[in-house]
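Since the structure comes first, as structure tokens, the remarks are kept for the end.
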Amino acid sequence: LIFFEVDQQTVQDHKRSALAQAGIDTTDTRFVVVDFSEDDLFEKLVSAGYDPTVETIFLWEGVTLYLSEEAVRHTMGLVRANAAPGSVLLADIYARRLIDIGRSRVGSKALDYTGEGFGFGLPLDEDHESVLHTFVQSEELSVGQTFFLGSASRKGPFSAVVEMIV
């Protein structure tokens, strides 16, 4: 198996350093530098040796909340158009209310330390399953297993982990 680790350059540098310090073998890992807001994900992956004819699991965690809705939809469309049928894009999608907290004065002060800001979220406060399904299906992907975190809250879940199937 070959693993492709996709992230921004500074994050990649940090991950490589931490893996080396921990003595973790990364022989089967290809580190692919991508800025989801600017780069063509699949062009970068193919250049690193990715085979688009092989079913693939794309683990896309901790990313969507930092992107615009346009960039999230663009990446979903790229996976749909370029990955083998049966491939899975596994992502966490956050509630818009959590994103709004991150955009508040207090939240933005905390994010100043990372140099990032919050972007995309879905209105998961009412009928969260329908909202998520409608969003995923609008990009012509199918919904697989889904886990809503915080769904017992009267405000609805604060995030969802969802399999989006090509």
Side-chain angles (χ1 to χ4, degrees), residues 1-96 99 114 116-124 128-149 151 157-166:
L1 289 175
I2 297 173
F3 300 92
F4 296 88
E5 169 54 39
V6 179
D7 217 323
Q8 298 175 36
Q9 183 68 60
T10 55
V11 179
Q12 290 286 25
D13 292 344
H14 177 72
K15 288 177 182 177
R16 284 177 165 214
S17 174
L19 290 165
Q21 286 178 354
I24 295 173
D25 181 15
T26 59
T27 305
D28 295 329
T29 304
R30 309 261 171 87
F31 292 88
V32 183
V33 174
V34 172
D35 180 334
F36 285 99
S37 297
E38 297 180 18
D39 295 328
D40 183 319
L41 171 62
F42 279 88
E43 182 179 294
K44 295 272 191 156
L45 283 171
V46 168
S47 292
Y50 169 73
D51 181 352
T53 65
V54 174
E55 278 187 31
T56 304
I57 297 173
F58 297 88
L59 179 57
W60 198 29
E61 68 178 337
V63 178
T64 63
L65 73 163
Y66 297 110
L67 303 177
S68 67
E69 180 174 346
E70 178 184 346
V72 170
R73 288 183 178 279
H74 177 73
T75 300
M76 291 168 68
L78 283 173
V79 171
R80 183 192 72 249
N82 293 285
S87 293
V88 173
L89 175 59
L90 181 62
D92 49 3
I93 307 232
Y94 291 83
R96 187 172 292 150
I99 301 304
T114 65
E116 297 182 289
F118 283 159
F120 173 71
L122 287 176
L124 300 177
H128 52 273
E129 288 189 39
S130 177
V131 167
L132 183 63
H133 280 243
T134 298
F135 173 72
V136 171
Q137 292 168 346
S138 73
E139 291 302 319
E140 300 176 41
L141 295 167
S142 299
V143 176
Q145 288 189 6
T146 304
F147 300 93
F148 290 95
L149 301 145
S151 58
F158 60 87
S159 72
V161 178
V162 58
E163 287 181 331
M164 296 179 270
I165 304 167
V166 176

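FYI, the numbering just counts along the sequence from 1.
- Considering all non-hydrogen atoms of both residues, V33 and Q8 come closest at CG1-C, 4.3 Å.
- Remark: side-chain polar atoms of Q9 are not paired, donor with acceptor, to backbone N or O of D35 under 3.5 angstrom.
- Taking OG of S138 as the reference point, atom NE2 of H133 lies at 12.5 Å (rounded to 0.5 Å).
- Note that CE of M164 and CD of E140 are 14.0 Å apart. Values are rounded to the nearest 0.5 Å.
- Smallest separation of non-hydrogen atoms from A71 and L67: CB-CB, 4.0 Å.
- The backbone N or O of D13 sits nowhere less than 3.5 Å from a side-chain atom of S17 that would complete a donor-acceptor pair.
- Considering only heavy atoms from C-beta on, V162 stays 4.5 Å or farther from F135 through its side chain.
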Exercise for review: Evaluate side-chain contact (heavy atoms from CB on, under 4.5 Å) for V143 paired with L132, printing each intermediate quantity in order.
Suggested key: CA-CA 9 Å; V143 176; L132 183 63; 5.6 Å; no
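- No donor-acceptor pair closer than 3.5 Å links the side chain of R30 to the backbone N or O of I2.
- Panel note: side chain T64, backbone Y94; no donor-acceptor pair is recorded below 3.5 Å.
- Rounding to the nearest 0.5 angstrom, the gap separating the CG atom in L124 from the CD atom in E129 is 10.5 Å.
- Residue I24 qualifies as enclosed at atom CD1: its count of foreign heavy atoms under 6.0 Å is above 12.
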Review point. Hey, mind stepping through L89 and M76 against side-chain contact (heavy atoms from CB on, under 4.5 Å) and telling me if it holds?
Key: CA-CA 8 Å; L89 175 59; M76 291 168 68; 4.0 Å; yes
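- Once rounded to the nearest 0.5 Å, the distance linking CZ of F4 with OG1 of T56 reads 8.0 Å.
- Atom CD1 of I99 and atom OG of S159 lie 10.0 Å apart (nearest 0.5 Å).
- Counting heavy-atom neighbours within 6.0 Å of E70 CD, excluding the residue itself, gives a total of 12 or less.
- Using a 4.5 Å cut-off on side-chain heavy atoms (C-beta onward), F3 and T26 make no contact.
- Side chain of D92 to backbone of G62: a donor-acceptor contact under 3.5 angstrom is found.
- If you take CH2 on W60 and CG on L41, they are separated by 9.0 Å, rounding to the nearest 0.5 Å.
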